[in-house]
2 protein chains.
Amino acid sequence: MSPRKLDPETRAALVDIAARRLAEHGVEALSTRKITAEAGTSTMAVYTHFGSMSGLVREMVHEGFARLERQFAKVRRTDDPVADMAVLGYAYRRNAKANSHLYAVMFGGQSLAGFSLTDEDRQYGRYTLLTVVDCATRCIEAGRFRRDDPILIAHEMWIATHGLVNLELGGYLIDPVNADRCYDTILESLLVGVGDEPRSVSASMATSKKRRRREVEADPEQAEAVASRR
Amino acid sequence: MSPRKLDPETRAALVDIAARRLAEHGVEALSTRKITAEAGTSTMAVYTHFGSMSGLVREMVHEGFARLERQFAKVRRTDDPVADMAVLGYAYRRNAKANSHLYAVMFGGQSLAGFSLTDEDRQYGRYTLLTVVDCATRCIEAGRFRRDDPILIAHEMWIATHGLVNLELGGYLIDPVNADRCYDTILESLLVGVGDEPRSVSASMATSKKRRRREVEADPEQAEAVASRR
DNA sequence: ATTGTTTCTGTGACATTGTTATGCCATGGG
DNA sequence: CCCATGGCATAACAATGTCACAGAAACAAT
């Protein structure tokens, strides 16, 4: 009748510390002892709050999905939906690079500390991409894309962007065929392939590049991702 | 002046056992003790033959590259180079799914047992894709693709196929937007995007589907990948 | 055939990992 | 004020990669 409540502060601190360690020093910096030592608690804190190391990783993954969604929310919906799509892709790519290790777990199929995604987690991840589906719908209604299932078109964009990001993080896209060039090229090809005019594509791509700085690069979350909470 | 030679048989046995364990039971089945116990030696065998666990993984990765290259070599070079390209993509995808854990290390940026690719390893991986570059060149010379850098076009194909495979292995491509549908869709979009006529694309895709069975699915290597060596 | 040198290989140990059984004690309702 | 509930620290367990240390086996020279 009189339990001792879990301290939400230490819970948040553990997630923050783990995320920062993962981002800064990679997977080998993730161990119960290292994390809890930095938090000033014992290893048991991980188990009372998350059940296991996997539970902590799951928490970070959900945080990662939420962050991606907030990134997407900052991209405006203009009367040039194709440019919107390009900006969304850039936001996706930038977010992935800012949290590369977490991204590998979220979308790259990488298991971390024995954790791998459940169907529920993947549902969460797919939900994030509804923004892209919506954007594809607007592209179709604007007459830029051929009339087709917007979900399918959104998947095309997702697959291409994910493939690029993943190979980029793997160190496979190097000069002179670097990631930036590949990204522009495949995006243009794909946009033409789904029905847009080559000339319109070029114009929208140019517009998107101007919008990047304001809508995704000037992002306080990038700092938050690295900095400690307090 | 009288050293004792390394036994190449145990070396090969270790690689085979490790590859089979990885394919059948995943990453947690890879430990020096488990592998060497199955090989009937002590854990030291790993260190004398490969220096460390990472060395053994590197060996498996190189074996994986070689296998992919042999897969590619079985795809014919016909007078419909676009169909050739589609068959190559299918071979790539099939190989990745038959050795999913190894593929994740080869191209997915996944580190395994502390191993991660060196620049030299990646060079090896990129070399494998020269087959795709050659095919892109033939597509251009046949007037099917616009005149552009064939290396860049090959990268577009690679990125799309890799993105699809990686999301598929991650369990993200589910009905009704499943991997097969996504693969056909993005490949068609991309082929149109790099300059081919939509009608020609459809024809070549149909041709490639007929060729799949003979040129990539009837492959004794798929069995070899799982079965033990003897 | 014997010897000697070289190097593989088995044994055992060390540090580190995730996880948990076992208590202590802080907390908050009665 | 009391006391039970459950978070937390301590310490242990099994399993991991790795290596120091012999011992033995293999090869070259005599």
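Below, chain A is the first sequence line, B the second, and so on; all start at residue 1. All figures in this text were calculated on a predicted structure; none of them were measured in a lab.
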Worked check of salt bridge (Lys or Arg N to Asp or Glu O under 4.0 Å) between Arg94(B) and Glu168(B)
CA-CA 11 Å; Arg94(B) 188 177 169 83; Glu168(B) 180 181 14; over 6 Å; no
Using whole Å, what does the distance between atom P of nucleotide dC8(D) and atom CZ of Arg11(A) come to?
12 Å
In whole angstroms, how far is the P atom of dT16(C) from the CE atom of Met53(A)?
17 Å
Ignoring backbone atoms, establish whether Thr48(A) has a side-chain N or O less than 4.0 Å from OP1 or OP2 of dC8(D).
yes
Rounding to a whole Å, what distance do you find between Leu112(A):CG and dT17(C):P?
14 Å
Does His49(B) make a side-chain N or O approach to OP1 or OP2 of dC8(C) shorter than 4.0 Å?
no
Heavy-atom nearest pair, Ala160(B) first then Ile159(A), reads O-CG2, 3.4 Å
For nucleotides 21-24 of chain C, tabulate all protein N/O to nucleotide N/O atom pairs closer than 3.5 Å, reporting atom names and distance.
none

Sorted by number, the residues of residues 30-37 of chain A with heavy-atom contact under 4.0 Å to DNA chain D:
Arg33(A)
Decide salt bridge (Lys or Arg N to Asp or Glu O under 4.0 Å) for Arg181(B) and Asp175(B); before the verdict, give the C-alpha distance in whole Å, the side-chain angles of both, and the deciding distance to 0.1 Å.
CA-CA 9 Å; Arg181(B) 200 148 84 96; Asp175(B) 287 326; over 6 Å; no
At under 4.0 Å between heavy atoms, what does Thr43(A) touch on the DNA or RNA strands: base, sugar-phosphate, or nothing?
base
Name the atoms and distances for all side-chain donor-acceptor pairs under 3.5 Å in residues 103-121 of chain A, with sequence neighbours left out.
unit_1, atom_1, unit_2, atom_2, d
Tyr103(A), OH, Tyr92(A), OH, 2.8
Tyr103(A), OH, His162(A), ND1, 2.5
Thr118(A), OG1, Glu120(A), N, 3.3
Thr118(A), OG1, Asp121(A), N, 3.2
Thr118(A), OG1, Asp121(A), OD2, 3.1
Asp119(A), OD1, Arg122(A), NH2, 3.1
Asp121(A), OD1, Arg58(A), NE, 3.4
Asp121(A), OD1, His62(A), NE2, 2.8
Asp121(A), OD2, Arg58(A), NE, 3.3
Asp121(A), OD2, Arg58(A), NH2, 3.2
Asp121(A), OD2, Thr118(A), N, 3.0

Could you check whether Glu217(B) and Tyr90(B), counting side-chain N and O atoms only, form a donor-acceptor pair closer than 3.5 Å?
yes
Who passes side chain to side chain contact (heavy atoms under 4.5 Å, CB included) against Ala37(B), sequence neighbours left out?
none
Without decimals, in angstroms, what is the distance between Tyr47(B) OH and dG12(C) C1'?
14 Å
Angle between terminal axes - the helix from dA1(C)-dT30(D) to dG30(C)-dC1(D), 5 pairs each end, rounded to 10°:
10°
Between Thr161(A) and Trp158(A) (side chain of the first, backbone of the second, donor and acceptor by atom type, cut-off under 3.5 Å), is there such a pair?
no
Glu215(A) vs Arg77(A), test: salt bridge (Lys or Arg N to Asp or Glu O under 4.0 Å). Steps then yes/no.
CA-CA 11 Å; Glu215(A) 292 175 42; Arg77(A) 304 181 180 195; over 6 Å; no
Rounded off to whole Å, could you give me the CZ-to-C1' distance for the Phe50(B) and dT9(C) pair?
15 Å
With a 6.0 Å cut-off (strictly less than), is the heavy-atom count around CD of Glu28(B), excluding the residue itself, greater than 12?
yes
Nearest heavy-atom contact between Val133(A) and Pro150(A) is O-CB, 4.0 Å
Pairs in or reaching into residues 150-167 of chain B: which pass salt bridge (Lys or Arg N to Asp or Glu O under 4.0 Å), with residues at least two apart or in two chains?
none
